[in-house]
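We name chains A, B, ... by the order of the sequence lines, and we start the count at 1 in each one. In this text, all values refer to a predicted model and were calculated from it rather than measured experimentally.
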Amino acid sequence: MTTEHHKVLSANLDNENLHQLDTYISLGGFEAFKKALKMEPAQIIEEVKKSGLRGRGGACFPTGVKWSFMPTNSDKESYLINNADESEPGTYKDRLLMERNPMLVIEGMLIASLAMKAVHSFIYVRGEYAFPYERTKDAIKECYERGYLGKNIQGSNFSHEMTIHRGAGAYICGEETALMESLEGKKGQPRLKPPFPAGYGLYGKHTTINNCETLATVPWIIQNGGEAYSKIGVESCPGTHLMCISGHVNKPGIYEIDMGYPILDFIENEAGGIRNGNKLKAVVPGGSSTVVLTAEDCKGVNIDAESLKAAGSAMGSSAMIVMDDTTDMTEAVLNLSHFYSHESCGQCTPCREGGHWIEKIFARIAKCEGQETDLELIEKVCGQIGGHTICAFGDTMILPYLSIIEKFKDEFVAKIKKSNSSKSLLDRRALNFELGAH
Amino acid sequence: MTETLSFTDIEKGRIEEIKSLYPDKRSAAMPLLFVAQEKLGHITDSAIEWVSEEVGLSPVHVRELVTFYTMYYQKPVGKYHIQVCRTLSCALLGSKEITEYVHNRLGILSNEVSEDGNWSFEQVECLGSCGTAPMCEINDVYFENLTPEKIGEIMDAIEKEKPDLRYSTLKDKIGEGLANYPKSSNL
């Protein structure tokens with residue numbers, strides 16, 4: 001039995017021609033934009049503030065508040081960036097929007113640009129998403145041809161340019177300042193903040209960066225009012241969101257659900273329960289950079305920013321990875337540590353070096369070659385990474401490591417014990433030498 | 001494939017168009033590297049020089065991009081480059097079996113090219129297709145919900161049809177793909 005959820009983003013997704021302008025308009029598309037054209041910028045921002053919409057990229061920051069950081073009278077131009085670099089393991093919702101409903105994304109960007117008086121907006125799509133890129137690029141082209149982009153849009157005095165840009169395979173470019181560096185034709189290495197993008201962003205201009213799903217939610221809010229949106233879900237974190245679920249469930253996929261829906265109901269009802277009748281072991285609730293929850297932890301926890309925070313984790317990018325009781329957690333964490341070690345941009349030493357060493361230690365534990373002091377060592381290195389880097393990559397990388405060790409300690413200890421009993425002291429010295437830990 | 005870059009008039013027009021899409025042409029460095037790669041198969045020294053001249057950056061600056069971003073190839077890859085996702089969701093559902101199948105069939109290791117130059121493969125990090133795991137990307141097209149049998153069928157079909165699976169920056173479109181496999185996702 002499934003609960004009825006609101007359809008803010010997924011209403012017409014089964015229409016095969018939704019990506020074409022005429023179909024989109026025939027289903028009520030661009031009505032919200034036309035409404036916004038008659039509103040004052042401050043009114044649009046007010047409406048989004050009233051909706052309580054929080055960013056869907058991972059940080060859950062209130063969108064209307066972020067928009068209000070943009071200066072209202074400045075000589076410098078303003079830009080909007082749609083962050084569609086979606087690379088957080090487990091997350092694939094923006095891909096769905098760009099493939100199936102790119103016009104909605106464009107409409108949301110136009111409304112946001114009206115609100116912030118942005119003259120040019122950019123969509124930064126991860127390089128591997130060739131098909132979503134093509135669909136969205138064609139949609140932009142059609143909008144230019146039909147007067148929804150360019151000079152004097154639909155006969156108004158609002159003019160706007162839109163550029164879609166392909167990344168080239170760097171996870172870190174999802175970090176907003178790294179994204180701007182990349183868009184400027186540089187290596188995607190995060191900038192120090194402050195200055196914040198609203199003051200000094202892309203090419204030094206005023207810039208706001210929003211996640212793709214966040215922007216796609218805006219037309220509904222303008223059309224139906226911020227208050228209507230704020231009544232969906234829970235008060236502290238209203239609305240619906242596209243929840244990705246993957247791993248050991250019977251029906252992985254993307255489901256639009258109201259905020260505040262219980263995790264265990266979601267796994268059971270929407271995702272069809274755990275495969276092969278197995279037992280739930282662990283859940284990564286919001287993309288791989290969030291604290292892992294055990295089956296026990298999940299009891300009574302709902303999918304919304306505050307409930308997940310209270311459970312010690314985070315909503316992140318609404319991407320759940322489910323593991324059943326056949327999963328070896330020492331292997332799972334090794335897999336993630338390889339990801340972070342590979343994707344560190346290399347700018348800050350604690351993240352670049354620490355991430356690499358942690359992977360090596362996890363690897364020897366998984367191979368039953370670990371040492372008694374290894375868990376302590378990992379915790380120590382994590383302590384040297386967290387809070388000591390320019391961006392949040394280092395801070396979030398250690399969350400799955402520390403939580404998996406803490407919650408599944410028995411598995412690590414058992415493997416370490418096995419290695420201590422099966423290896424002679426001489427062997428262990430040789431291993432130490434190999435790892436450079438002598 | 002030639003080692004030097006030459007373009008038709010239509011292609012030159014497209015290159016100018018790419019440069020005009022940004023407030024500053026230095027932003028065109030990334031798309032123009034894709035253009036060079038499309039022509040040469042990988043990024044050569046002459047490609048770096050060409051991009052640096054087009055966008056007004058120093059060659060060392062452009063080289064930094066080539067070494068930072070993994071989608072620029074510093075050495076030749078196969079005509080069909082298979083990238084098998086190895087991150088958590090895919091790993092939980094058997095990406096290892098997919099990798100082993102590809103490895104055994106081609107007789108090459110990750111980051112190697114088959115002798116005939118037709119195939120290469122590598123294990124890559126999350127490609128954003130976690131709900132349809134395990135999966136791989138061949139050139140610029142995703143293949144999802146894989147089993148060893150299914151990747152085998154896909155490779156057979158590629159050998160038979162020899163389809164275009166690349167995204168062409170110059171033509172600004174993706175190749176026709178394989179007949180029985182849609183380019184859109186199975187989401």
Colleague: Are A/His342 and A/Tyr171 linked by a side-chain donor-acceptor pair shorter than 3.5 Å?
Modeller: no
Colleague: So which part of B/Glu64 gets closer than 4.5 Å to some heavy atom of chain A, the side chain, the backbone, both or neither?
Modeller: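 For B/Glu64, the contact with chain A is made by backbone and side chain together.
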Colleague: Aromatic rings B/His81 and B/Tyr73: how do their planes relate, parallel, tilted or perpendicular, breaks at 30° and 60°?
Modeller: perpendicular
Colleague: Non-hydrogen atoms of chain B under 4.5 Å away: do they reach the side chain of A/Phe122, the backbone, both or neither?
Modeller: side chain
Colleague: Where does B/Leu57 contact chain A at under 4.5 Å (heavy atoms): side chain, backbone, both or neither?
Modeller: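 The side chain, not the backbone.
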Colleague: Salt-bridge test for A/Arg95 and B/Glu144: reply yes if a basic N is under 4.0 Å from a carboxylate O, no otherwise.
Modeller: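 Looking at A/Arg95 and B/Glu144, the cut-off is met.
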Colleague: I need the residue from A/Glu86, A/His338, A/Met323 with the largest number of non-hydrogen atom pairs under 4.5 Å to chain B.
Modeller: A/His338
Colleague: Under 3.5 Å, is there a donor-acceptor pair between the A/Tyr340 and A/Ser289 side chains?
Modeller: yes
Colleague: Would you mind telling me which of B/Lys173, B/Lys183, B/Glu125, B/Gln83 has the largest number of heavy-atom pairs within less than 4.5 Å of chain A?
Modeller: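 Of B/Lys173, B/Lys183, B/Glu125, B/Gln83, B/Glu125 has the most heavy-atom pairs under 4.5 Å with chain A.
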Colleague: Check the orientation of B/Tyr167 and A/Tyr133. Use parallel for under 30°, tilted for 30 to 60°, and perpendicular for over 60°.
Modeller: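 The arrangement is perpendicular - the two ring planes meet at more than 60°.
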Colleague: Between B/Arg63 and B/Asp45, does any NZ, NE, NH1 or NH2 come within less than 4.0 Å of an OD or OE carboxylate oxygen?
Modeller: yes
Colleague: Under a 4.0 Å N-O cut-off, is there an ion pair linking B/Arg14 with B/Glu38?
Modeller: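 The answer is no: the pair does not qualify as a salt bridge.
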Colleague: Contact part of A/Thr326 toward chain B, heavy-atom cut-off under 4.5 Å: side chain, backbone, both or neither?
Modeller: neither
Colleague: Just give me the residue among A/Pro252, A/Gly188, A/Gly127 that pairs up with chain B most often, heavy atom to heavy atom, under 4.5 Å.
Modeller: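 Max contact count across the listed options: A/Gly188.
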Colleague: Does B/His42 form a side-chain contact (heavy atoms from CB on, under 4.5 Å) with B/Val77? I'd like the steps, not just the answer.
Modeller: CA-CA 7 Å; B/His42 68 290; B/Val77 294; over 6 Å; no
Colleague: Side chain, backbone, both or neither: which part of A/Val322 has an atom under 4.5 Å from a heavy atom of chain B?
Modeller: backbone
Colleague: Between A/Asp138, A/Asn335, A/Leu336, which shows the greatest number of heavy-atom pairs under 4.5 Å with chain B?
Modeller: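 Result: the option with the highest number of such pairs is A/Asn335.
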Colleague: Between B/Leu88, B/Val141, B/Asp24, who has the most heavy-atom pairs with chain A when the cutoff is under 4.5 Å?
Modeller: B/Leu88
Colleague: Would you mind checking which part of A/Cys173 comes under 4.5 Å of any heavy atom in chain B, side chain (CB onward), backbone (N, CA, C, O), both or neither?
Modeller: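 Side chain only.
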Colleague: Do NZ/NE/NH1/NH2 and the carboxylate oxygens of A/Lys186 and A/Glu181 come within less than 4.0 Å?
Modeller: yes
Colleague: For A/Lys137, is it the side chain, the backbone, both, or neither that has a heavy atom closer than 4.5 Å to a heavy atom of chain B?
Modeller: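 Contact with chain B is through the side chain of A/Lys137 alone.
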Colleague: At a heavy-atom separation under 4.5 Å, does A/Thr91 approach chain B through its side chain, its backbone, both, or neither?
Modeller: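 The backbone, not the side chain.
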Colleague: Evaluate the salt bridge (charged side-chain N to carboxylate O under 4.0 Å, His left out) criterion for residues B/Asp140 and A/Arg166: first the C-alpha distance (whole Å), next the side-chain angles of each, then the deciding distance (0.1 Å), finally the verdict.
Modeller: CA-CA 12 Å; B/Asp140 290 311; A/Arg166 268 181 97 194; 3.6 Å; yes
Colleague: So for A/Ile172, is it side chain, backbone, both, or neither that comes closer than 4.5 Å to the heavy atoms of chain B?
Modeller: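 Only the side chain of A/Ile172 comes within 4.5 Å of chain B.
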Colleague: Quick one: which of B/Met30, B/Arg86, B/Glu137 has the most heavy-atom pairs under 4.5 Å with chain A, could you say?
Modeller: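 Of the candidates given, the most pairs with chain A belong to B/Arg86.
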Colleague: Does atom NZ of A/Lys76 have more than 12 heavy-atom neighbours from other groups under 6.0 Å away?
Modeller: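 Buried by this count: over 12 neighbours within 6.0 Å.
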Colleague: Would you mind checking which part of A/Arg126 comes under 4.5 Å of any heavy atom in chain B, side chain (CB onward), backbone (N, CA, C, O), both or neither?
Modeller: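 The side chain, not the backbone.
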Colleague: Could you tell me which portion of A/Glu331 (side chain, backbone, both or neither) has an atom closer than 4.5 angstrom to a non-hydrogen atom of chain B?
Modeller: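 Neither part.
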